[in-house]
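These notes are about the structure you will find just below.
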Amino acid sequence: MNGQGSKQDSGALDASSADENLIVCTDFAIRKTDGRGFEVRVMTQRGYYWVSANHADRYDGETQTFVLSLIETNNFLQQVRKVGLRTRYHGPTHIDLL
(Lines give C-alpha, C1' and ligand atoms only; values in the text may rest on other atoms or scores of the structure.)
Protein backbone atom coordinates (compact mmCIF):
# COMPACT_ATOMS: atom_id res chain seq x y z
CA MET A 1 0.00 0.00 0.00
CA ASN A 2 1.78 3.15 -1.06
CA GLY A 3 -1.09 5.53 -0.21
CA GLN A 4 -0.48 7.85 -3.11
CA GLY A 5 -2.26 8.43 -6.38
CA SER A 6 -0.63 8.58 -9.75
CA LYS A 7 -0.61 11.81 -11.72
CA GLN A 8 -0.53 9.82 -14.95
CA ASP A 9 -4.08 8.66 -14.12
CA SER A 10 -5.37 12.23 -14.29
CA GLY A 11 -6.45 11.91 -17.93
CA ALA A 12 -7.73 15.15 -19.43
CA LEU A 13 -7.89 16.95 -16.11
CA ASP A 14 -6.71 20.57 -16.02
CA ALA A 15 -6.66 21.32 -12.30
CA SER A 16 -5.07 23.79 -9.95
CA SER A 17 -2.55 22.63 -7.38
CA ALA A 18 -5.28 22.51 -4.70
CA ASP A 19 -7.49 20.34 -6.93
CA GLU A 20 -4.60 17.97 -7.62
CA ASN A 21 -4.08 17.56 -3.86
CA LEU A 22 -7.74 16.58 -3.47
CA ILE A 23 -7.39 14.01 -6.23
CA VAL A 24 -4.27 12.48 -4.67
CA CYS A 25 -6.00 12.36 -1.23
CA THR A 26 -8.94 10.26 -2.38
CA ASP A 27 -9.31 6.86 -0.75
CA PHE A 28 -10.58 5.06 -3.86
CA ALA A 29 -10.41 5.45 -7.64
CA ILE A 30 -13.17 3.99 -9.81
CA ARG A 31 -13.13 3.44 -13.56
CA LYS A 32 -15.32 1.49 -15.96
CA THR A 33 -13.87 -1.81 -17.09
CA ASP A 34 -14.07 -3.16 -20.61
CA GLY A 35 -16.84 -5.46 -19.43
CA ARG A 36 -19.94 -4.51 -17.49
CA GLY A 37 -18.22 -3.75 -14.20
CA PHE A 38 -16.36 -0.98 -12.43
CA GLU A 39 -12.84 -1.42 -11.09
CA VAL A 40 -12.27 0.02 -7.63
CA ARG A 41 -8.63 0.74 -6.75
CA VAL A 42 -7.67 1.34 -3.12
CA MET A 43 -5.51 4.47 -2.87
CA THR A 44 -4.95 5.04 0.87
CA GLN A 45 -4.37 3.11 4.07
CA ARG A 46 -7.80 4.25 5.34
CA GLY A 47 -9.38 2.83 2.21
CA TYR A 48 -7.47 -0.42 2.64
CA TYR A 49 -8.71 -0.86 6.21
CA TRP A 50 -12.30 -0.18 5.16
CA VAL A 51 -12.15 -2.61 2.22
CA SER A 52 -10.51 -5.27 4.40
CA ALA A 53 -13.44 -5.04 6.79
CA ASN A 54 -16.20 -4.81 4.17
CA HIS A 55 -15.06 -6.41 0.89
CA ALA A 56 -12.19 -8.70 1.88
CA ASP A 57 -13.63 -11.60 -0.15
CA ARG A 58 -13.35 -9.62 -3.41
CA TYR A 59 -10.21 -7.57 -2.79
CA ASP A 60 -7.05 -8.52 -4.70
CA GLY A 61 -4.16 -7.37 -2.50
CA GLU A 62 -1.64 -7.76 -5.31
CA THR A 63 -3.36 -5.34 -7.71
CA GLN A 64 -5.09 -3.39 -4.90
CA THR A 65 -8.38 -3.61 -6.81
CA PHE A 66 -11.75 -5.32 -6.95
CA VAL A 67 -14.57 -5.21 -9.51
CA LEU A 68 -18.20 -4.32 -8.81
CA SER A 69 -21.37 -4.19 -10.90
CA LEU A 70 -23.18 -0.88 -11.42
CA ILE A 71 -25.61 -1.53 -8.56
CA GLU A 72 -22.78 -2.68 -6.26
CA THR A 73 -20.78 0.43 -7.19
CA ASN A 74 -23.69 2.71 -6.26
CA ASN A 75 -24.05 0.90 -2.92
CA PHE A 76 -20.29 1.08 -2.38
CA LEU A 77 -20.31 4.86 -2.95
CA GLN A 78 -23.14 5.33 -0.45
CA GLN A 79 -21.34 3.23 2.15
CA VAL A 80 -17.99 4.99 1.87
CA ARG A 81 -19.56 8.46 1.92
CA LYS A 82 -21.29 7.61 5.21
CA VAL A 83 -17.92 7.02 6.87
CA GLY A 84 -16.22 10.04 5.29
CA LEU A 85 -14.09 8.31 2.68
CA ARG A 86 -13.54 10.02 -0.68
CA THR A 87 -13.68 8.55 -4.16
CA ARG A 88 -12.72 9.78 -7.60
CA TYR A 89 -14.39 8.51 -10.75
CA HIS A 90 -12.33 8.43 -13.93
CA GLY A 91 -14.86 9.16 -16.66
CA PRO A 92 -14.25 9.17 -20.40
CA THR A 93 -13.44 12.90 -20.51
CA HIS A 94 -12.69 14.01 -16.95
CA ILE A 95 -12.40 13.04 -13.28
CA ASP A 96 -15.20 13.59 -10.76
CA LEU A 97 -14.65 13.68 -7.01
CA LEU A 98 -17.42 11.78 -5.23
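What's counted below: heavy atoms across the whole structure, side chains too, no hydrogens, waters or symmetry copies. Since this is a predicted model, take the numbers as computed values, not measurements.
The main-chain N or O of G35 is found under 3.5 Å from a side-chain atom of K32 such that the two form a donor-acceptor pair.
Taking CG from L77 and CG from L68, the interatomic distance works out to 9.0 Å, rounded to the nearest 0.5 Å. The CG atom of N74 lies 5.0 Å from the CG atom of L70; values are rounded to the nearest 0.5 Å.
V80 and I71 are not part of a single hydrophobic cluster, where members link through side-chain heavy atoms under 4.5 Å apart.
Proximity of R41 to R31: side-chain heavy atoms (C-beta onward) are nowhere separated by under 4.5 Å. Between V51 and F28, the closest side-chain pair of non-hydrogen atoms falls below 4.5 Å. You'll find the side chain of I30 stays beyond 4.5 Å of the side chain of E39, heavy atoms only.
Shown here for A29 and M43, the closest heavy-atom pair between the two residues is N-CG, 3.8 Å. Smallest separation of non-hydrogen atoms from W50 and Q79: CH2-OE1, 3.4 Å. Closest non-hydrogen pair, T26 versus T87, comes out as CG2-C, 4.2 Å. Residues V42 and Y48 share a closest heavy-atom pair of CG1-N, 3.3 Å.
Between F76 and F66, the ring-plane angle classifies as perpendicular under the 30° and 60° cut-offs.
Applying the 6.0 Å contact sphere to CG of D57 captures more than 12 heavy atoms from other residues, nucleotides or ligands.
Contact check on D27 versus R86 returns no salt bridge, with no Lys/Arg side-chain nitrogen under 4.0 Å from an Asp/Glu carboxylate oxygen.
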